[in-house]
Amino acid sequence: MTEHGVHDAHRHDDGAYVLGALAEDEQVAFEQHLRTCADCRERVAEIHEVPALLVDVGAADLDADLDPDHDLGGPPDTLLPGLLRRAGEGRRTRRRVVAGLAALAAACLVALAVALWPSPDPSPGSPAPRALTPVVASPVQADAVLVAKAWGTEINLHCRYGKGVKQGFPYLLVVRDRHGRPENLGTWLLPPGDEISFSAGTALHPSQIAQVDVALTDGTPILRLQN
């Protein structure tokens, strides 16, 4: 609640803002909100040094606490935001807030290192290609590899014609998210008698992609990969 008894929709955004975890539109909205909200400005000021402290947490700090025979598990997603909120609400001194958050961040990094530590026999190579299935009758054949990246998903498409095709045509790569919203990722020309590799990217994570389509340039899908 604000001092006028009005609910503050941004009250719990301070921790995510300091750690750079807000989406671009959320960050813009929160920065505009900071101009008029003294409480949020105070909470941001209390914890603004946390990202700088995380830089000092190195591999040696993680190695000192890792026990290969004990699986720490991953910290819950709400742990760090929850402690950030309680730190601001309790009005602890700046030094205690920063020290406590740095310790928590180090513990989270240790747990994450255990969860993501490579196994002794990691699986080599990238994800296996997956064949797209026909939506309508078409001479085009294709397979795709969806590779998770820090920025989203890289899609590597390999396509070719069947026998007897004499003329090449342009095609369009389209992805749809879980809500059915389309995103056009570009076009390419597929010549007859040749095989084409086409790569594109989307900000969507692989788990957010519902399907990948090869379509005619008017948007009519001819091949589809259900994800």
Point-to-point distance, once rounded to the nearest 0.5 Å, from OG of S199 to CG of N156: 3.5 Å
Atom pair CG (L146) and CD1 (I155), whose distance is rounded to the nearest 0.5 Å: 5.0 Å
Steps toward side-chain contact (heavy atoms from CB on, under 4.5 Å) verdict (C40, H33): CA-CA 8 Å; C40 286; H33 172 73; 3.4 Å; yes
Distance-minimising heavy-atom pair for T202 and W151: O-CZ3, 3.6 Å
Y171 and T187: CA distance, side-chain angles, deciding distance, side-chain contact (heavy atoms from CB on, under 4.5 Å) verdict: CA-CA 5 Å; Y171 295 95; T187 61; over 6 Å; no
From L204 atom CG to R176 atom CZ, the distance as rounded to the nearest 0.5 Å: 12.5 Å
Flag, side chain of N184 to backbone of G186, donor-acceptor distance under 3.5 Å: no
Salt bridge present between R43 and D13 (N-O < 4.0 angstrom): no
Donor-acceptor under 3.5 Å (Q208 side chain, H205 main chain): yes
Same cluster (ILVMFWY, side-chain, under 4.5 Å), L172 and L223: no
Least distance between heavy atoms, W188 atom then L173 atom: CZ3-N, 3.5 Å
Residue pair Q27, D25: steps toward the side chain to side chain donor-acceptor pair (under 3.5 Å) verdict: CA-CA 5 Å; Q27 178 178 332; D25 57 338; over 6 Å; no
Where G201 and L185 come nearest, the two heavy atoms and their spacing: O-CD2, 3.4 Å
CZ on F30 to CZ on R35, rounded to 0.5 Å: 12.5 Å
Euclidean distance, S138 OG relative to F169 CZ, rounded to 0.5 Å: 10.0 Å
Smallest separation among heavy atoms of Y17 and E31, with atom names: OH-OE2, 3.1 Å
Minimum-distance pair of heavy atoms, taken over all atoms of H158 and S197: ND1-OG, 3.2 Å
Q226 atom CD, over 12 foreign heavy atoms within 6.0 Å: yes
Common cluster, L216/I196, ILVMFWY with side-chain heavy-atom separation under 4.5 Å: yes
Verdict with supporting geometry, Q141 and L132, side-chain contact (heavy atoms from CB on, under 4.5 Å): CA-CA 7 Å; Q141 302 171 2; L132 280 71; over 6 Å; no
side-chain contact (heavy atoms from CB on, under 4.5 Å) evaluation trace for T153 with V147: CA-CA 6 Å; T153 303; V147 183; 5.8 Å; no
Nearest non-hydrogen partners of R160 and A142, listed with the distance: NH1-CA, 4.3 Å
From T133 atom OG1 to L225 atom CG, the distance as rounded to the nearest 0.5 Å: 7.5 Å
